[in-house]
Amino acid sequence: QLERCLPALNGITYTSDAARLFVLRSGSLPQLLSVFAAGVPAALQEYALRVLVNLTYSKEAELQLLAAQQGALGEPSPWP
């Protein structure tokens, strides 16, 4: 039920550093990215995009590296 999960995940990843780390460390980012290729309605893709932004906006090296390894980013920035 993406209609329920994505808004909740958006809120959790927006407010919690620990949740962002958990999602990325669990290796589940590819499942989130698949929402964009699965013909999911635009409103749900918007929530998935918000979650993706929440997961990747950090300049923390570990978060950037995990997101890059899971296909969400290019190489981590060498600048702090």
Next on the checklist: So does I12 get a backbone contact from the side chain of S16, meaning a donor-acceptor N/O pair under 3.5 Å?
Outcome noted: no

Item to check | Gap separating the CG atom of L6 from the CD atom of Q45, nearest 0.5 angstrom | outcome: 10.0 Å

Checklist entry - Cluster question for you: counting only ILVMFWY and a side-chain heavy-atom cut-off of under 4.5 Å, with indirect links fine, are L55 and L44 together? => result yes

Item to check | Shortest non-hydrogen contact between P7 and L2, atoms and distance | outcome: CD-O, 3.7 Å

Next on the checklist: Same cluster or not: L33 versus V40, using hydrophobic residues (I, L, V, M, F, W, Y) connected whenever any side-chain heavy atoms lie under 4.5 Å apart?
Outcome noted: yes

Checklist entry - To the nearest 0.5 Å, how far apart are CG in N10 and CD in E46? => result 9.0 Å

Distance-only donor-acceptor pairs under 3.5 Å for side chains of residues 21-32, two or more places apart:
from, atom 1, to, atom 2, distance (Å)
R25, NE, E62, OE2, 2.9
R25, NH2, E62, OE1, 2.9
R25, NH2, E62, OE2, 3.1
S26, OG, F22, O, 3.2
S26, OG, V23, O, 2.8
S26, OG, S28, OG, 3.1
S28, OG, V23, O, 3.2

Next on the checklist: I'd like to check L49 versus F36 (side-chain heavy atoms, cut-off strictly below 4.5 Å). Are they in contact?
Outcome noted: yes

